[in-house]
Amino acid sequence: MISYNPIIQELHKESAYQVDVLRLDLIDVEISGNKWFKLKNNLEKAISQNKKSIITFGGAYSNHIAATAAACKKFNLKCIGVIRGEEKEELNDTLKTAQKNGMEFYFVDRETYKQKDTIEFKNNLAKTFGEHYLIPEGGNNEEGVSGCMDILKKEWNYDYVFCACGTATTFAGILTSAKDQNKIIGISVLKGENNLPAEAEVLLDKISLNSSKMKILGEEALKKDFIEDSCILNSYAFKGYAKKNTELLNFKTEFENKFEIPLDHIYTTKLFYAVFDLIKRKKLISDSKILVVHSGGLQGNEAFEKRYHLTPNL
């Protein structure tokens with residue numbers, strides 16, 4: 001697999017806080033960020049089982065779809081993407097890139113897609129495509145979590161580690177490898193009720209790393225003067241996945257101009273917005289060292305900006 005040589009960039013330092021960025025977006029142009037960690041153990045398992053085909057799931061703008069296609073090309077594996085939604089006359093940039101890397105698409109309507117975890121759906125995939133190794137949407141399985149356990153290095157000493165959350169796979173992996181003094185803060189990008197703490201607990205149970213039945217907090221973590229425990233916050237979802245407003249777009253532009261670090265619209269813009277807002281609100285313990293995990297996803301910017309007629313900043 002691709003070697004992991006972590007790059008940590010100092011972002012912000014003052015008397016109260018030190019903020020560093022873990023640049024996972026620089027791992028690889030196409031298999032970037034946390035996608036590489038969620039895929040690596042899955043692909044190693046598939047190869048060890050002599051599987052020649054990979055099937056996975058995602059939306060039409062999915063970073064996971066793009067990364068899986070690139071990874072399968074690298075390891076000479078056939079790749080099928082089950083894509084949520086009807087096939088469009090012209091593919092967007094994400095799907096064009098995946099197709100260029102050899103991915104075959106299987107489009108299903110949204111109602112059918114909701115059945116993707118059922119035995120019936122999986123049996124139909126086997127009948128249609130033959131023997132294969134199945135990677136769930138977003139790499140959200142035991143192998144995905146165990147891969148994300150390699151993100152943090154044991155010699156690093158941070159009080160807070162922040163990551164964006166869509167499935168809680170990355171959060172669960174980071175949490176299991178964290179030291180006792182580390183507080184792992186997930187920033188949900190999803191709308192509605194915050195189900196990600198419970199989903200993270202399920203993931204930890206599956207890999208037998210939650211024997212003490214750790215309780216992962218949600219918004220209640222903000223009720224104290226300072227965040228003192230690991231948690232997943234839903235306060236910065238901006239009304240849901242891929243949602244935006246002028247405030248968020250302005251933040252992205254200002255951040256990129258100031259720090260010269262590109263952000264994606266779906267995950268990392270909300271992540272860094274949350275970090276700076278929590279610092280401004282003094283919700284983080286003073287004199288803390290903070291690490292923000294940049295999870296990549298930059299490939300999706302072009303399609304997102306075309307879709308919403310936005311002008312790219314970097």
Side-chain angles (χ1 to χ4, degrees), residues 25 30-39 42 54-72 79-118 121-122 124-125 128-129 132 134-141 144 163-171 187-192 195-196 199 234 237-244 248 263-271 295-310:
D25 58 306
E30 293 184 301
I31 320 169
S32 78
N34 60 340
K35 274 62 68 179
W36 178 75
F37 289 93
K38 291 194 283 186
L39 284 170
N42 274 295
I54 302 294
I55 295 181
T56 196
F57 307 86
Y61 297 88
S62 167
N63 293 320
H64 171 73
I65 287 292
T68 303
C72 286
C79 188
I80 298 101
V82 180
I83 309 300
R84 181 181 64 248
E86 303 291 345
E87 184 174 4
K88 304 292 185 182
E89 187 173 332
E90 182 178 359
L91 298 176
N92 65 39
D93 293 301
T94 295
L95 294 183
K96 283 180 181 177
T97 300
Q99 187 178 64
K100 179 196 71 175
N101 283 324
M103 178 175 275
E104 178 183 341
F105 300 130
Y106 180 53
F107 291 89
V108 298
D109 63 72
R110 292 177 181 275
E111 286 304 311
T112 304
Y113 190 85
K114 292 177 182 177
Q115 307 303 313
K116 67 183 185 302
D117 296 323
T118 65
F121 193 98
K122 292 176 180 178
N124 181 60
L125 289 177
T128 304
F129 298 105
H132 60 271
L134 194 70
I135 301 178
E137 184 173 13
N140 184 26
N141 61 3
C163 67
C165 288
T167 63
T169 309
T170 302
F171 173 89
I187 302 300
S188 170
V189 302
L190 308 177
K191 68 179 179 181
N195 297 318
L196 289 178
E199 292 177 15
N234 204 36
F238 284 83
K239 297 185 178 180
Y241 186 81
K243 300 297 183 182
K244 59 181 177 15
L248 195 63
L263 303 179
D264 82 297
H265 288 279
I266 310 298
Y267 294 94
T268 51
T269 297
K270 293 179 180 180
L271 171 66
S295 53
L298 300 174
Q299 69 79 29
N301 278 353
E302 186 173 0
F304 188 94
E305 287 159 1
K306 283 183 180 179
R307 182 181 183 184
Y308 294 107
H309 307 289
L310 302 174

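All residue numbers refer to positions in the sequence shown, counting from 1.
For the pair N141/N42, a side-chain contact is recorded, criterion being any heavy-atom separation below 4.5 Å from C-beta on. Using a 4.5 Å heavy-atom cutoff, the side chains of Y61 and N92 are in contact. Side-chain contact between M103 and I65 is present, with at least one heavy-atom pair separated by less than 4.5 Å. Side-chain contact check for N101 versus Q99: every heavy-atom pair is 4.5 Å or farther apart. In this structure the side chain of H265 reaches within 4.5 angstrom of the side chain of L310, judged on heavy atoms. Considering only heavy atoms from C-beta on, L196 stays 4.5 Å or farther from F171 through its side chain. For the pair E199/N140, no side-chain contact is recorded, criterion being any heavy-atom separation below 4.5 Å from C-beta on.
With rounding to the nearest 0.5 angstrom, the CD1 atom of I135 is 7.5 Å from the SG atom of C79. Remark: I83 CD1 to S62 OG distance equals 7.0 Å, nearest 0.5 Å. For the atom pair CZ (R307) and CD (E302), the distance works out to 15.0 Å, reported to the nearest 0.5 Å. Residue I80 holds its CD1 atom at 5.5 Å from CD of E104, rounded to the nearest 0.5 Å. Between Y241 atom OH and S188 atom OG the span is 11.5 Å, to the nearest 0.5 Å. Between the CG atom in D117 and the NZ atom in K122 there is a gap of 5.5 Å [rounded to 0.5 Å].
Both tests pass for K244 against the ring of Y308: distance under 6.0 Å to the centre and angle within 45° of the axis.
D25 meets the salt bridge (Lys or Arg N to Asp or Glu O under 4.0 Å) test with R23; sequence neighbours excluded. For the ring-ring contact (aromatic ring centres under 6.0 Å, His included) test, residues two or more places apart in sequence or in another chain that qualify with F105 are F107. The salt bridge (Lys or Arg N to Asp or Glu O under 4.0 Å) test applied to E87 returns no partner, not counting sequence neighbours. The side-chain contact (heavy atoms from CB on, under 4.5 Å) search around K38 returns N34, C148, T167, T169, T170, not counting sequence neighbours. Residues forming a salt bridge (Lys or Arg N to Asp or Glu O under 4.0 Å) with K116 (at least two apart in sequence, or on another chain): E137. Here K96 pairs with E90 under the salt bridge (Lys or Arg N to Asp or Glu O under 4.0 Å) rule; sequence neighbours left out.
Of all the heavy atoms in N301 and L263, the pair that sits closest is ND2-O, 2.9 Å. A237 and K270 get closest at one heavy-atom pair: O-NZ, 2.7 Å.
For the pair N63 (side chain) and L298 (backbone), a donor-acceptor distance under 3.5 Å is absent. Formation of a donor-acceptor pair under 3.5 Å by the T128 side chain with backbone atoms of L125 is not found in this model. Judged by distance alone, with hydrogens and angles left aside, the side-chain atoms of T68 form a donor-acceptor pair with the main-chain N or O of H64 at under 3.5 Å. Between the side chain of K243 and the main chain of F238, no donor-acceptor pair closer than 3.5 Å is present. Remark: side-chain polar atoms of K35 are paired, donor with acceptor, to backbone N or O of S295 under 3.5 angstrom.
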* **Stepwise side-chain hydrogen bond (donor to acceptor under 3.5 Å, both in side chains) test for T94 and Q299** => CA-CA 7 Å; T94 295; Q299 69 79 29; 3.0 Å; yes

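With ring centers used as reference points, Y113 lies 6.0 Å or more from F121.
Screening T56, I54, I31 against L39 for a side chain to side chain contact (heavy atoms under 4.5 Å, CB included) leaves a single residue, I31.
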